[in-house]
Amino acid sequence: MSRVLLVPFPPAGHAEPMAVLGDRLRVDGHEVTVFAESPQTRWGLGRPVPPQLYASGDSNTLYRHLFLGDVAGMARDVADLAAACGAELIVADVMMPGGALAAELRNLPFVSLSCCPVPTLSAYRTFIAAHTVAAFDPASTRTALGLPAGGRNLLGLTSATLHLIPTTDAVAGHPELPAEVALVGPLVAEPGPRREPDGPPVVVVAASTHTLESLGARSFVQERYLAAAVAALGGLDVTGLVTRQPQGTPPANVRFLGAAPHDALFDAAAAVVTHGGWGTVSKALVRGLPMVLVPLSGDQPYIAGRCADLGLGLALDAETVTAAGLRDAVRAVVEEPRFRKAAAELAAELRAAAPAATASALVTSMPASEG
């Protein structure tokens, strides 16, 4: 048995894959502790910025704090919890650099997990503008923690021994990667039994779970995409289920569900219309559901492009998408067998790959230290 400390990034698209890994580690007989912010922790996401940061005029430190919170505080919190629970190993989301730094403080082996399927060690460059990279320079954080100078960008603190990426070699296009990288497949809960609806085919429309603040100007693009999707489904013989709060009066065959969990909806769906977030796409892939993808930002254009290249669905441009274009795309993925065939074949490959079991075995086969 190993005692493993998991350090997830709080948003659902990151916390859910880590939870799936944690569940599998427990099934495999390991003791799992999960780090989370609380009123007692130094670190918290979205907490008020200390006045001295504003007064310092240090724009890089201020931006980093707004993006990740107090990274030095995060590292100290994780290191304290590792000592308290007797952790023998830390597994941290790359968006939680305090996990890697805590492992260094406690001289513990460390596994990094990216919740982005882009096959690279610098996935963070998919999400942040090039001119902001300097904000995540590690120098001041390492100094605050008493660690030696040097080190990589705080968003690039991947393990030199094992870095997990939630995609497969085939989905990623057979890339050449460093030896420490393992493409384990999407870490999602196993699907429930397929449920056939009584009426027309069910098409689920999914929206980003990011807040309006984090989406920024892209929130307006998302609203336009969702309005076009609702109008598109209104012209088809399908039942449309939209995981969004009501926006006006929908067509008779479309229902707004609010922020509903995807799993049960997808178990009865014929297709999914999505912004291309990897969490949503992963849940569709393991069920063999074809998709229409309208990517908004970050890694979503990459994900939509790979799905289209593999014949798993159709990708449309969020900036120019129309109800008519979406209607044609939904009709195609629902009615044309080639999309469902490709999706079903990939779902079978993912079941055979057993991503959670594979990741659990790799994590717990780690050496006693990273040297």
Side-chain angles (χ1 to χ4, degrees), residues 2 4-28 30 32-35 78 87-103 108-127 152 154-190 277-279 281-283 285-286 299 302-303 306 349-367 369-370:
S2 298
V4 183
L5 173 57
L6 302 182
V7 186
F9 191 48
H14 293 256
E16 289 178 5
M18 191 72 87
V20 168
L21 175 58
D23 288 344
R24 182 66 206 201
L25 286 165
R26 294 184 185 96
V27 167
D28 291 341
H30 304 290
V32 177
T33 302
V34 181
F35 171 75
V78 175
E88 300 166 306
L89 168 70
I90 293 176
V91 182
D93 190 307
V94 292
M95 296 295 290
M96 293 290 282
L101 296 169
L108 290 172
F110 160 62
V111 175
S112 51
L113 168 66
S114 173
C115 290
C116 163
V118 179
T120 175
L121 290 176
S122 56
Y124 67 91
R125 293 183 180 274
T126 307
F127 296 91
R152 287 170 291 163
L154 289 173
L155 292 180
L157 295 183
T158 56
S159 170
T161 307
L162 179 60
H163 178 61
L164 305 175
I165 299 179
T167 188
T168 66
D169 187 57
V171 172
H174 310 288
E176 291 187 13
L177 294 166
E180 70 268 24
V181 175
L183 306 182
V184 294
L187 295 170
V188 293
E190 292 187 10
W278 188 238
V281 170
S282 295
K283 292 174 183 179
L285 292 180
V286 298
D299 58 354
Y302 165 84
I303 293 166
R306 289 303 301 151
E349 292 175 15
L350 295 177
R351 285 194 297 273
T358 299
S360 173
L362 288 170
V363 164
T364 53
S365 65
M366 283 280 289
S369 71
E370 293 197 84

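All of these numbers come straight from a predicted model, not from anything done at the bench. We number each residue from 1, following the sequence as shown.
For the pair L155 and M95, the minimum side-chain heavy-atom distance is below 4.5 Å. Within the 4.5 Å cutoff, the side chain of V27 has no heavy atoms near those of the D23 side chain. Counting heavy atoms from C-beta on, the side chains of L25 and L6 come closer than 4.5 Å. With a 4.5 Å cut-off on side-chain heavy atoms, L113 and C115 count as touching. Within the 4.5 Å cutoff, the side chain of T364 has no heavy atoms near those of the D28 side chain. Here the side chains of S2 and L89 are not in contact, with every heavy-atom distance at 4.5 Å or above. By the 4.5 Å heavy-atom criterion applied to side chains, T168 and E349 are not counted as neighbours. The closest side-chain heavy-atom distance from H163 to V94 is below 4.5 Å.
Judged purely by atom type and a 3.5 angstrom limit, R152 uses its side chain to pair as donor or acceptor with the backbone of T158. Counting only distance, with no hydrogens or angles, the side chain of S360 and the backbone of A356 share no donor-acceptor pair below 3.5 Å. Using a distance-only test at 3.5 Å, with no hydrogens or angles considered, a donor-acceptor pair links the side chain of S112 to the main chain of S159.
Here the CE atom belonging to M96 is positioned 11.5 Å from the CD1 atom belonging to I90, to the nearest 0.5 angstrom.
Listed here is the closest heavy atom pair of C116 and D299: SG-OD2, 3.4 Å. Scanning both residues, G99 and V78, for their nearest heavy atoms gives CA-CG1, 4.3 Å. Of all heavy-atom pairs spanning M18 and D93, the tightest one is CE-N, 3.5 Å. Heavy atoms only, all atoms of each residue included: A359 and L164 are closest at CB-CD1, 4.2 Å. In plain terms, the two heavy atoms of T358 and A353 that are nearest each other are OG1-O, 2.9 Å. Residues A123 and S114 share a closest heavy-atom pair of CB-OG, 4.2 Å.
R306 meets the side-chain contact (heavy atoms from CB on, under 4.5 Å) test with Y302, D309, L310; sequence neighbours excluded. Residues satisfying the salt bridge (charged side-chain N to carboxylate O under 4.0 Å, His left out) test with R125, not counting sequence neighbours, are none.
Among L162, L5, L21, the single residue meeting the side-chain contact (heavy atoms from CB on, under 4.5 Å) criterion with V91 is L21.
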Please set out all donor-acceptor pairs under 3.5 angstrom arising from side-chain atoms of residues 173-187, sequence neighbours excluded.
| residue | atom | partner | partner atom | Å |
| --- | --- | --- | --- | --- |
| H174 | ND1 | D169 | OD2 | 2.5 |

Going through the distances and angles, do W278 and V118 end up as a side-chain contact (heavy atoms from CB on, under 4.5 Å)?
CA-CA 10 Å; W278 188 238; V118 179; over 6 Å; no

